[in-house]
Amino acid sequence: MRTPKRLYAQQRLIYQPEWPTCPHCGEVLVMCNYLAWDKTVQTLDQVLSVANRPGRCPQETCPGSHMRLLSAQAQSIASPGSTYGYDVVVRIGWLRYQARATYREIHRDVASHVRISESHIRYLYQHLYLPLLACHERQHRDHLAQIAESQGGLIIALDGLAPQGGAPQIWFIRERTSGLTLRSGWLAKQDQTTFETFLRPLKQLEWPILAVLSDNSTVVSSWFEVNINPSSSISYTLD
Ligand SMILES: [Zn+2]
């Protein structure tokens, strides 16, 4: 049997929470002395070695001391348990669904960027891409209820990916401590009306939203300020 060749990461990235303070009491977070996860991820451009160091509130009496806050940016690279970047998965989905490509054609395209077999492309489409699109908060209700109870609410992060460098873009709403995707969708436009329709179900969530992180989209930030919580919105800039 042939041993698969090792993948060598071109970059080592250790992420920390983008927001330095506790969402409950405002105390400066302390970093945990372990990594929440550490994995090699193939993206369309490069092989990354990515790890996520959690932060927590140092005040023992604060609900924030039970939180393990993770970097939203690290979570936007690959889904939990996957070693292929979201950009790879989204490109497979785009080629299959929007461009009606066969698995063989998708393989020809994607294999010029990452090491992957045709059967694994099929697997990623069926077991990662399709569930991502179908996912919503009801699927993960028990897990989310547990998280919300232990930390007094949810912290969510939003980000978008454009597989063809323009419209349409796929947008994800994730819970920040678990990386679970609450909602995702292809948005043909990135205007106010489109975002409002996409975000509206969050108003009906049964748990409070403590904070929202988004990569500098003013439409998204102002929607949260008006509809959820005036102090909830946190913008951060992607590197
Ligand atoms: Zn705190």
Side-chain angles (χ1 to χ4, degrees), residues 13-39 50-81 135-160 171-184 199-239:
L13 300 168
I14 300 177
Y15 284 95
Q16 297 192 354
E18 284 79 13
W19 195 246
T21 54
C22 171
H24 283 284
C25 70
E27 185 72 46
V28 174
L29 299 178
V30 293
M31 293 305 125
C32 300
N33 60 0
Y34 62 87
L35 298 172
W37 50 258
D38 191 351
K39 61 187 179 185
V50 197
N52 206 337
R53 186 181 299 284
R56 64 174 174 81
C57 176
Q59 299 294 340
E60 276 173 31
T61 50
C62 174
S65 67
H66 303 293
M67 301 172 113
R68 293 297 174 264
L69 294 162
L70 298 175
S71 156
Q73 200 179 347
Q75 284 172 335
S76 72
I77 296 175
S79 80
C135 76
H136 43 73
E137 56 279 3
R138 259 166 288 165
Q139 261 182 11
H140 307 299
R141 206 204 152 271
D142 292 350
H143 193 172
L144 290 171
Q146 242 175 30
I147 295 168
E149 191 174 335
S150 75
Q151 55 185 37
L154 299 177
I155 301 185
I156 60 175
L158 277 103
D159 59 90
W171 275 76
F172 298 97
I173 304 176
R174 300 192 180 87
E175 195 283 316
R176 191 184 167 202
T177 50
S178 60
L180 287 173
T181 301
L182 304 184
R183 193 171 162 73
S184 65
L199 298 171
R200 197 171 299 135
L202 290 179
K203 274 164 73 168
Q204 270 108 52
L205 271 190
E206 53 195 296
W207 310 286
I209 295 180
L210 298 173
V212 177
L213 285 98
S214 66
D215 52 351
N216 266 350
S217 164
T218 43
V219 179
V220 171
S221 318
S222 56
W223 186 87
F224 277 99
E225 276 163 30
V226 173
N227 290 282
I228 304 282
N229 174 355
S231 60
S232 68
S233 191
I234 299 170
S235 285
Y236 67 92
T237 314
L238 293 172
D239 295 338

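Values reported hereafter were calculated over all heavy atoms of this structure, with side chains retained and with hydrogens, waters and symmetry mates removed. Whatever order the structure lists ligands and atoms in, that order sets their numbers, starting from 1.
- Side chain of Glu18 to backbone of Ala72: a donor-acceptor contact under 3.5 angstrom is found.
- Between Pro58 and Val28, the shortest heavy-atom distance links the atoms CD-O, 3.4 Å.
- Atom CD of Glu60 sits in a sparse spot, with 12 or fewer heavy atoms from other residues, nucleotides or ligands closer than 6.0 Å.
- For residues 21-39, the set of pairs meeting the side-chain hydrogen bond (donor to acceptor under 3.5 Å, both in side chains) definition, not counting sequence neighbours, comprises Arg12-Asp38, Trp19-Thr21, Glu27-Gln59, Tyr34-Arg68.
- Of all non-hydrogen atoms in Pro17 and Arg176, the two that sit nearest each other are CB-NH2, 3.2 Å.
- The Zn ion (ligand 1) has Cys22 SG, Cys25 SG, Cys57 SG, Cys62 SG as protein N, O or S atoms under 2.8 Å away.
- Here the closest heavy-atom approach between residue Pro201 and residue Arg183 is recorded as CG-CZ, 3.5 Å.
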